[in-house]
Amino acid sequence: MTIDLQQLKTEGLLAIKAAKDKLELANLEIKLLGRKNGELTNILKSLKDLAAEVKKEIGPLANEVKIILESAVAARHRELSASAWENAAAGERLDITEPALPHLDPGHLHPITQVGRDLEDFFAKLGFMVLDGPELESDYYNFSALNFAADHPARDIMDTFYIKGHDPAAPAGAGWLMRTHTSPMQVRALQKYGAPLAAIVPGKCFRNESTDARHEHTLYQIEGFMYDTDITFAHLKGILEAVAKHLYGPEVKMRFSPKFYPFVEPGVRGEVTCFLCKGRGCRVCKNSGWLEIFGAGMTHPNVLKAGGVDPAKYQGFAFGLGLSRLVMLKYGIEDVRLLESGNIKFLEQF
Ligand code: PHE
């Protein structure tokens, strides 16, 4: 028994010293000292069958061997750790003059999101629902349901991206496209909720433009509409005047002039006095003193019909605010393309 222990100690120490890596060392530790089937453990377990005097002699020796082997394992472990670090460090150079990693900015909301959310709050307080609509839209909702005749030139003004496989010669309503405005939601919302109804729809729209400082293929609008049994043009005016004052202050003036949209009758273009020159004329308003910020009008009976609502009973108005436009005017941004550019230097200013 004593001999077994001595042998275990010498052979164990040699093997521990020779362990090439931590995995080999760990396996060795289990083999020698493992609680279940380690060699030393097995010797200790067999002690209980021995006579009391022998136990007295072997016991302390076995413990001693255990401690020696354990500390040898620990020492070898430290050696291996140190050499691993040295190996890794050998290929590296520590440059204490290197600048620290930049402080990570958690970021902030895009100016379009900021102005959009502000207007959502504003309209929610007036009792409007806030709805979301599909960006990939059918020709039917984007044009036909909004009273655009199949061959009406108004479709050309809103050229967009047609989805592959779309046949331009197909009958109206058959194809798919990227919506050119948020107006398709007038009909979708009427079909879903019926009248009376008041809602706004903020969202992305698309146009097939050759882009320049004033034109972009992706733009944002906020659609708004209200339908009930006694809605008049005065409601439209009142609501939009409130929006203009909310955006540009109580001094702002608003004017309407006739403009054709197939889905409203009468249709108007809405302008406000230039926020910069207060109507005197400047670079931003191209010396007119006025800035166009929305299209609007009284909903055409055909649109109400498409929405499943009886135009003899209900009427209402719709407007489309150019959200990208509002943001440009609010911050004096001169190139619309910056909004979609993802340029951090630009975005950090808001
Ligand atoms: N959808 C129109 C556009 O994109 C704007 C509009 C909306 C006009 C609602 C009238 C009523 O130009």
Side-chain angles (χ1 to χ4, degrees), residues 112 116 119 123 128-131 133-135 137-149 152-161 177-190 197-209 214-227 231-233 235-241 243-244 254-272 291-304 306-307 309 311 314-328 336:
I112 288 192
L119 285 172
F123 279 107
F128 284 72
M129 290 198 286
V130 180
L131 302 178
E135 290 169 7
E137 186 53 284
S138 67
D139 184 293
Y140 174 73
Y141 282 109
N142 197 81
F143 293 125
S144 310
L146 290 171
N147 201 36
F148 283 79
H152 198 283
R155 284 176 183 242
D156 288 347
I157 304 167
M158 293 192 185
D159 188 20
T160 180
F161 304 100
L177 45 83
M178 300 309 290
R179 70 174 174 195
T180 59
H181 48 178
T182 40
S183 301
M185 279 301 286
Q186 295 177 20
V187 177
R188 285 185 179 277
L190 275 172
L197 175 67
I200 59 158
V201 189
K204 245 185 205 181
C205 307
F206 307 85
R207 305 261 171 114
N208 183 10
E209 305 273 13
R214 294 172 63 84
H215 299 90
E216 175 62 299
H217 51 69
T218 301
L219 56 139
Y220 287 76
Q221 294 188 339
I222 297 184
E223 193 80 6
F225 37 84
M226 185 179 256
Y227 312 106
I231 300 291
T232 70
F233 198 90
H235 293 108
L236 165 64
K237 234 182 130 182
I239 297 268
L240 285 165
E241 225 164 64
V243 176
M254 203 174 59
R255 75 176 182 188
F256 294 105
S257 41
K259 184 165 178 180
F260 173 76
Y261 297 99
F263 41 97
V264 284
E265 180 59 39
V268 296
R269 127 189 331 121
E271 291 166 304
V272 290
L291 295 165
E292 182 173 349
I293 58 167
F294 60 84
M298 300 308 289
T299 300
H300 195 287
N302 287 350
V303 175
L304 292 168
V309 166
Y314 291 102
Q315 68 285 152
F317 64 79
F319 59 84
L321 283 161
L323 180 54
S324 301
R325 196 83 210 281
L326 295 181
V327 170
M328 290 175 74
V336 63

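As the structure lists them, so they are numbered: ligands from 1, and atoms in each ligand from 1.
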Which residue owns the protein heavy atom closest to atom 6 (C) of ligand 1, what's the atom, and how far is it? Gly295 O, 3.7 Å
Would Gln186 count as a polar contact of ligand 1, with the cut-off being nitrogen or oxygen pairs under 3.5 Å? no
Show the atoms of ligand 1 that are less than 4.0 angstrom away from any heavy atom in Met158. 3 (C), 4 (O), 12 (O)
Do NZ/NE/NH1/NH2 and the carboxylate oxygens of Arg179 and Glu223 come within less than 4.0 Å? no
With a 4.5 Å cut-off on side-chain heavy atoms, are Arg155 and Asp139 touching? yes
Starting from atom 7 (C) of ligand 1, what is the nearest protein heavy atom, named by residue and atom, and what distance separates them? Gly320 N, 3.3 Å
Where on Arg207 is there a heavy atom closer than 4.0 Å to ligand 1, on the side chain, on the backbone, on both, or on neither? side chain
Test of understanding: given a 4.0 Å heavy-atom threshold, classify the contact between Ser183 and ligand 1 as side chain, backbone, both, or neither. side chain
Electrostatic pair Arg269:Glu292 at N-O distance under 4.0 angstrom: yes
Does a side-chain heavy-atom distance below 4.5 Å link Phe225 with Val201? yes
for atom 12 (O) of ligand 1, nearest protein heavy atom and its distance come out as Tyr261 CE2, 3.6 Å
Does any N or O of ligand 1 fall below 3.5 Å from an N or O anywhere on Gln221, backbone included? yes
Just heavy atoms, cut-off under 4.0 Å: does Phe319 contact ligand 1 by side chain, backbone, both, or neither? backbone
Pairs of nitrogen or oxygen atoms closer than 3.5 Å, one from Glu223 and one from ligand 1: do any exist? no
Residue that, paired with Phe256, satisfies ring pair (Phe, Tyr, Trp, His ring centres under 6.0 Å) out of Phe319, Phe317, Phe233: Phe233
4.5 Å side-chain heavy-atom contact, Glu209 and Glu216: no
Could you tell me whether His181 and Tyr261 have their ring centroids closer than 6.0 angstrom? no
Looking only at heavy atoms of Ala296, does any of them come nearer than 4.0 Å to an atom of ligand 1? yes
Quick one: does Asn147's side chain have a donor or acceptor within less than 3.5 Å of a partner on Pro262's backbone? yes
Does some non-hydrogen atom of Phe294 fall short of 4.0 Å from ligand 1? no
